[in-house]
Every structure is written in structure tokens, then in C-alpha cells.
Amino acid sequence: MPRSNVTDFQKAVYDSISRVPRGRVTTYALLAQSIGCRSPRAVGQALRRNPFAPKVPCHRVIASALTPGGFNGAKAGTEIARKLRLLAAEGVVFRDGRLADPSRIVRPC
DNA sequence: GAGTCATTCGTTG
DNA sequence: CAACGAATGACTC
């Protein structure tokens with residue numbers, strides 16, 4: 001029962017995230033557009049289920065507003081704090097709940 | 001700059 | 001088949 005039934009769409013999302021080099025982050029919108037989707041929601045849905053967790057670095061994906069957005073269905077918590085710390089360890093620093101360097105956002109293309 | 005409304009795609013129930 | 005979900009964009013105040 002597994003909801004592990006990975007679909008092509010999820011594979012595309014995973015591939016796009018994997019294309020992002022370490023120390024860089026991506027946004028839902030960029031990912032969605034990169035895979036040919038106009039709704040970042042679908043991407044968020046796929047990541048939220050995280051069929052590839054923790055293989056999928058969802059923490060590397062943030063909202064376009066430079067905000068971490070949410071993770072695991074929650075916009076805050078110990079889990080998200082851990083992800084932010086991981087990003088900081090990679091060079092992505094969050095300041096005041098927002099990305100300190102928007103230039104860290106790269107296009108999966 | 002901040003808040004609200006409408007939009008849009010795929011997954012799950 | 002219907003509803004939901006980690007969002008985005010545009011408009012208004």
C-alpha cells in the first residue's frame with residue numbers, strides 16, 4: 001500500500017532536485033516550470049509525500065518568496081529547523097526566516 | 001510592504 | 001469522481 005507507487009511526475013521532480021548542486025537551493029515554481037508544470041502545488045504534493053525520503057533533499061526546495069515554506073505539512077518545527085541547519089551547513093544561510101542570499105537559488109535547468 | 005483572491009496539477013480517499 | 005495539498009501570481013490597501 002504503499003504509496004511508494006512512484007509516478008513519472010515524481011521522478012521528474014526528484015531528477016530536477018538532484019540536478020541542483022550542493023550549496024544551492026531551488027524553488028517550487030522553478031521546479032514546476034522545469035518539469036513542464038505550471039502548478040508548484042503538484043511538486044509540493046509529491047515532495048510532501050516524499051516517496052524518496054530522505055533520498056530527496058526536500059530541504060533544498062524553498063518557496064519563491066525566499067521563505068522555507070513548509071515541510072512535512074508544517075511550516076515550523078524541529079524537523080524544519082534541522083533542514084535549515086543542513087542548508088546552512090551547505091552554504092545556504094537563512095536570516096530572519098528568509099534566505100539571506102537569494103542568489104543561492106538556481107534553476108534546475 | 002503586507003494581505004487577499006483566484007489559479008492550477010497531481011495525488012489520495 | 002471529488003477534495004486536498006509544502007504554492008504562485010496578480011491585485012488592492
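The figures that follow rest on heavy atoms only: side chains count, while hydrogens, waters and symmetry mates do not. By convention in this document, chain letters (A, B, ...) are assigned in the order of the sequence lines, proteins followed by strands, and residues within each chain are numbered from 1. The model shown is predicted, which means the values in this text are computed figures rather than measured ones.
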*Asks:* Could you point out which residue of A:Val92, A:Val106, A:Leu87, A:Ile105 forms a side-chain contact (heavy atoms from CB on, under 4.5 Å) with A:Arg24?
*Replies:*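 Option passing the side-chain contact (heavy atoms from CB on, under 4.5 Å) with A:Arg24: A:Val106.
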
*Asks:* How many Å lie between CD on A:Gln33 and C1' on B:dC9, as a whole number?
*Replies:*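 Taking atom C1' of B:dC9 as the reference, CD of A:Gln33 is at 14 Å.
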
*Asks:* Would you check if the side chain of A:Arg22 reaches a backbone N or O of A:Glu90 as a donor-acceptor pair within less than 3.5 Å?
*Replies:*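 A pair under 3.5 Å: no.
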
*Asks:* May I have the distance from A:Phe9 (atom CZ) to B:dT12 (atom P), rounded to whole angstrom?
*Replies:*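 Taking CZ of A:Phe9 and P of B:dT12, I get 12 Å after rounding.
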
*Asks:* Below 3.5 Å between N/O atoms, which protein atoms pair up with nucleotides 2-6 of chain C? Just atom names and distances, please.
*Replies:*
residue, atom, partner, partner atom, Å
C:dC4, O2, A:Gln45, NE2, 3.3
C:dG5, O4', A:Gln45, NE2, 2.9
C:dG5, N9, A:Gln45, NE2, 3.1
C:dG5, N2, A:Gln45, NE2, 3.4
C:dG5, N3, A:Gln45, NE2, 2.1
C:dA6, OP1, A:Arg48, NE, 3.0
C:dA6, OP1, A:Arg48, NH2, 3.0
C:dA6, N7, A:Gly44, O, 2.3
C:dA6, N7, A:Arg48, N, 2.5
C:dA6, N6, A:Leu47, O, 2.1
C:dA6, N6, A:Arg48, N, 2.8
C:dA6, N3, A:Tyr28, OH, 3.1
C:dA6, N3, A:Gly70, O, 2.1

*Asks:* Keeping A:Ser16 on the side-chain end and A:Ala12 on the backbone end, is there a donor-acceptor pair under 3.5 Å?
*Replies:*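 Side chain of A:Ser16 to backbone of A:Ala12: a pair is present.
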
*Asks:* Main chain of A:Leu30, side chain of A:Thr27: is a donor-acceptor contact present, judged purely on distance under 3.5 Å?
*Replies:*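 Here the side-chain-to-backbone pair exists.
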
*Asks:* Side-chain N or O of A:Ser39 versus OP1/OP2 of C:dA7: is the shortest distance under 4.0 Å?
*Replies:*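 No, outside the criterion.
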
*Asks:* Are A:Leu47 and A:Val20 linked, directly or through intermediate hydrophobic residues, by side-chain heavy-atom contacts shorter than 4.5 Å (ILVMFWY only)?
*Replies:*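 No; A:Leu47 is not reachable from A:Val20 via cluster members.
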
*Asks:* Do A:Pro51 and A:Tyr14 come close enough that some side-chain heavy atom pair is under 4.5 Å?
*Replies:*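 In short, these two side chains do not touch, never coming nearer than 4.5 Å.
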
*Asks:* Please report the distance, rounded to the nearest Å, between CG in A:Leu31 and C1' in C:dA7.
*Replies:*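 Taking CG of A:Leu31 and C1' of C:dA7, I get 12 Å after rounding.
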
*Asks:* So does A:Ser64 get a side-chain nitrogen or oxygen closer than 4.0 Å to the phosphate oxygens (OP1/OP2) of C:dG9?
*Replies:*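 Indeed, a polar side-chain atom of A:Ser64 lies that close.
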
*Asks:* Check whether any side-chain N or O of A:Arg104 sits under 3.5 Å from a backbone N or O of A:Gly91 as a donor-acceptor pair, and report yes or no.
*Replies:*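 Judged by distance alone, yes, a pair lies under 3.5 Å.
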
*Asks:* Under 3.5 Å for both distances, Watson-Crick or G-U wobble, that's the pair rule; now give the dot-bracket for DNA chain C, with | marking pairs to another strand and [ ] for crossing ones.
*Replies:* |||||.|||||||

*Asks:* Touch check for A:Thr7, heavy atoms < 4.0 angstrom, all strands: base, sugar-phosphate only, or nothing?
*Replies:*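 Since only primed, P, OP1 and OP2 atoms lie under 4.0 Å of A:Thr7, the category is sugar-phosphate.
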
*Asks:* Is A:Arg19 salt-bridged to A:Asp15, going by a charged N under 4.0 Å from an acidic O?
*Replies:*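 A salt bridge is present here (some side-chain N lies under 4.0 Å from a carboxylate O).
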
